[in-house]
**Q** 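One structure coming up, written as structure tokens, with questions to follow.
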Amino acid sequence: MTYTSEFLKTLDQRGFIAQCTDDAALDTAALEGVVTGYIGYDCTAPSLHVGNLISILMLRRLQQAGHRPIVVIGGGTTKVGDPSGKDESRQLLTQDKIDANKKTIRATFERFLTFGDGPTDAIMVDNDEWLSGLNYIEFLRDYGRHFSVNRMMSFESVKLRLEREQPLSFLEFNYMILQAYDFLELNRRYDCSLQMGGSDQWGNIVNGIELTRRCDQKSVFGLTTNLLTTSSGAKMGKTAQGAVWLNDDMLPVYDYWQFWRNTEDADVGRFLRLFTELSLDDIVRLESLEGAELNDAKKILATEATAMCHGRAAAEKAEATALETFEGGGSADLPSVDIEAAKLEAGLGLLEAFVLAGLAKSNGEARRLVQGGGAKINDAAQNDIGVTLSNDDIKDGNVKLSFGKKRHVLLRPV
């Protein structure tokens, strides 16, 4: 379909759209007035990660096109756990942990959206406001009757768990009902007519649309984006070292920049469209580069994506650190890890040092990394797993550990 509204036209041109419940009607609504749309985020960790970024940017594009985004913090649904895409039940968190996660997650959205009281200013709400006060019997009577168990059993999130013979608790089975009710409640409170999310949320979104139609006889919309994988099939936002967090206290800005710099060649154009605000003409030029020149496009991707998340100054600082480290042999502003000075004084084994630096998760993994080549101490190659670090290895107040050309950490004795 050829879109005429700025919102859907932009999403389409940049590769965001996977499914839409009624393209033509949503396109018309976006042309005729302000559309209020939402995406929900559960509070399962202190930070969101790169896998959440594409949905955050959908809200950003919605606002840039003159519409109103709602960020729903799932203080209520986090207590239940979304079974979508999961092989096992999510670990239930205490209320104190959920509250702590909510506080740190909230700050993330302020980097991407403009909040306020204006007609297109973003707002943030917590679904615990309406979910925790529900009377269970009344809720089942008023809303549960609109859901067919037969149909709910057909959703991918349920089928996947059953096919793999993984337990699906009744608590989790209720998640899709609660998410559907979120949409109905948001429509009543804020005239919200659009729910967006990843394609794994399609069933939950459709449930909310149908519930709103049946209860209030209103038409609302659903729009999803594909769950991103790299061209090699890896899940977006996951690395061998763990999640790529958006909060800099969980992942240094330098490492965030490096994540984008390490993009596979085949993904450069796609990621430039999704994760930067460069013009489409510039992106076409950059993705056409070949060989060593394509690395320049990757650096631009890294800097632009990092600037959006952490600010332009931090992004340019990370780029300068990378340039100095890779091309000048420097170590300024590299990620650092504090260690007890006594450890170096007594002699710190190389394998333990790699684990402390976060370059390996265990001594076994560190052993494989060192024996496989690429391990360095202060830029000097090292493949002896029995090496011990001492005070003699301190240079300019740190010991620089490296694996490969792009992963560097400073051990700083304190």
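The structure displayed is predicted, hence computed values, not measured ones.
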**Q** Does Arg68 reach the main-chain N or O of Tyr190 with its side chain, forming a donor-acceptor pair under 3.5 Å?
**A**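 Pair found, side chain donor or acceptor close to backbone of Tyr190.
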**Q** What I'd like to find out is whether the side chain of Arg14 reaches to under 4.5 Å of the side chain of Ile283, using heavy atoms alone.
**A**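 Yes, their side chains come closer than 4.5 Å.
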**Q** Are side-chain N/O atoms of Glu277 and Gln64 paired as donor and acceptor at under 3.5 Å?
**A**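 Glu277 vs Gln64: donor-acceptor pair found between side chains.
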**Q** Please check this pair: side chain of Thr21 against backbone of Gly222, looking for a donor-acceptor N/O pair closer than 3.5 Å.
**A**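 Yes; judged by distance alone, with no hydrogens or angles, the pair exists.
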**Q** Could you tell me whether the side chain of Leu389 reaches within less than 4.5 Å of the side chain of Ile377, counting heavy atoms only?
**A**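 The answer is yes; the side chains approach within 4.5 Å.
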**Q** Do Asn187 and Thr36 make a side-chain contact, defined as non-hydrogen atoms from C-beta onward lying under 4.5 Å apart?
**A**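 A side-chain contact is absent here, since even the closest heavy-atom pair is not under 4.5 Å.
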**Q** With distance as the sole test, does Thr225 use its side chain to make a donor-acceptor pair with the main-chain N or O of Phe16 at under 3.5 Å?
**A**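 Confirmed, Thr225 side chain pairs with Phe16 backbone.
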**Q** I'd like to know if the side chain of Thr104 reaches the main chain of Asn101, judged simply by a donor and an acceptor atom lying under 3.5 Å from each other, with no hydrogens or angles considered.
**A**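 Yes, Thr104 side chain to Asn101 backbone: donor-acceptor pair under 3.5 Å.
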**Q** Dump the intermediate steps for side chain to side chain contact (heavy atoms under 4.5 Å, CB included) on Tyr181 and Asn207, then the final yes or no.
**A** CA-CA 9 Å; Tyr181 183 74; Asn207 271 336; over 6 Å; no
**Q** Which residues pass the side chain to side chain donor-acceptor pair (under 3.5 Å) test with Ser279, sequence neighbours left out?
**A**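 Ser279 satisfies side chain to side chain donor-acceptor pair (under 3.5 Å) with Asp282 only.
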**Q** What about the rings of Trp260 and Phe275, do their centers lie closer together than 6.0 Å?
**A**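 They qualify: ring centres under 6.0 Å apart.
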**Q** Does the Arg273 side chain pair with the main chain of Gly269, one donor and one acceptor, at a distance under 3.5 Å?
**A**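 Side chain of Arg273 to backbone of Gly269, a donor-acceptor pair under 3.5 Å: yes, one is there.
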**Q** State whether Glu319 and Arg261 are salt-bridged, where the test is any N-O pair (Lys NZ or Arg NE/NH1/NH2 against Asp/Glu carboxylate O) under 4.0 Å.
**A**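 A salt bridge is absent here (no side-chain N lies under 4.0 Å from a carboxylate O).
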**Q** Please find out if less than 6.0 Å separates the ring center of Tyr41 from that of Phe109.
**A**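 That pair passes the under 6.0 Å test.
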**Q** Taking atom CD of Glu290 as the centre, report whether more than 12 heavy atoms of other residues, nucleotides or ligands fall under 6.0 Å from it.
**A**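 Not more than 12 within 6.0 Å, no.
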**Q** Given side chain to side chain contact (heavy atoms under 4.5 Å, CB included), test Leu59 with Ile70 step by step and report yes or no.
**A** CA-CA 8 Å; Leu59 290 173; Ile70 298 178; over 6 Å; no
**Q** Does the side chain of Val220 come within less than 4.5 Å of Gln195's, by heavy atoms?
**A**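 They are not in side-chain contact.
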**Q** Pair Cys309, Arg111 - check side chain to side chain contact (heavy atoms under 4.5 Å, CB included), show working.
**A** CA-CA 6 Å; Cys309 186; Arg111 308 176 212 156; 3.3 Å; yes
**Q** So which of Asp249, Asp255, Asp248, Val253 actually passes side-chain contact (heavy atoms from CB on, under 4.5 Å) with Leu251?
**A**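 Among Asp249, Asp255, Asp248, Val253, the one meeting side-chain contact (heavy atoms from CB on, under 4.5 Å) with Leu251 is Asp255.
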**Q** Check whether any side-chain N or O of Arg213 sits under 3.5 Å from a backbone N or O of Ser219 as a donor-acceptor pair, and report yes or no.
**A**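 Not at all, since once roles are kept as given, no pair shorter than 3.5 Å links the two residues.
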**Q** Run the numbers on Glu304 and Arg312 for salt bridge (Lys or Arg N to Asp or Glu O under 4.0 Å), then give the verdict.
**A** CA-CA 8 Å; Glu304 293 299 315; Arg312 179 67 58 181; 2.9 Å; yes
**Q** Any side-chain heavy atom of Ile56 sitting closer than 4.5 Å to one from Val71?
**A**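 The answer is no, as the side chains (C-beta and beyond) never meet within the 4.5 Å cut-off.
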**Q** How far apart are the closest heavy atoms of Ala318 and Trp257, and which atoms are they?
**A**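 Scanning both residues completely, I find the closest heavy atoms to be CB-CB, 3.7 Å.
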**Q** Check whether His49 reaches the backbone of Trp245 with its side chain - one donor and one acceptor, N or O, closer than 3.5 Å.
**A**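 Such a contact is absent between His49 side chain and Trp245 backbone.
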**Q** Is a side-chain N or O of Ser55 found less than 3.5 angstrom from the main chain of Asn52, in a donor-acceptor match?
**A**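 Yes, Ser55 side chain to Asn52 backbone: donor-acceptor pair under 3.5 Å.
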**Q** What I'd like to find out is whether the side chain of Leu186 reaches to under 4.5 Å of the side chain of Val125, using heavy atoms alone.
**A**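 Counting from C-beta outward, Leu186 and Val125 do come under 4.5 Å.
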**Q** So does Asp27 pair up with Lys9, basic N to acidic O under 4.0 Å?
**A**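 Result for this pair is no, no salt bridge flagged.
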**Q** Start with the C-alpha distance between Lys376 and Lys400, add both sets of side-chain angles, then the distance that settles side chain to side chain contact (heavy atoms under 4.5 Å, CB included), and finish with yes or no.
**A** CA-CA 8 Å; Lys376 295 181 180 179; Lys400 181 182 177 183; over 6 Å; no
**Q** State whether Glu129 and Arg189 are salt-bridged, where the test is any N-O pair (Lys NZ or Arg NE/NH1/NH2 against Asp/Glu carboxylate O) under 4.0 Å.
**A**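 Here Glu129 pairs with Arg189 in a salt bridge, since their nearest N and O are under 4.0 Å apart.
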**Q** Only pairs at least two apart or in different chains count here, so list each ring pair (Phe, Tyr, Trp, His ring centres under 6.0 Å) that has a residue in residues 21-40.
**A**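 As it turns out, the ring pair (Phe, Tyr, Trp, His ring centres under 6.0 Å) pairs with a partner in residues 21-40, which skip direct neighbours, are Tyr38-Phe183.
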**Q** Just grab all the side chain to side chain donor-acceptor pair (under 3.5 Å) pairs involving residues 112-127, residues at least two apart or on different chains.
**A**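 Matches after skipping sequence neighbours: Thr77-Asn127, Lys102-Asp126, Asn127-Asp182.
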**Q** Side-chain contact test, heavy atoms from C-beta onward, threshold under 4.5 Å: evaluate it for Thr94 versus Lys97 and give yes or no.
**A**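 With C-beta onward as the side chain, the pair touches.
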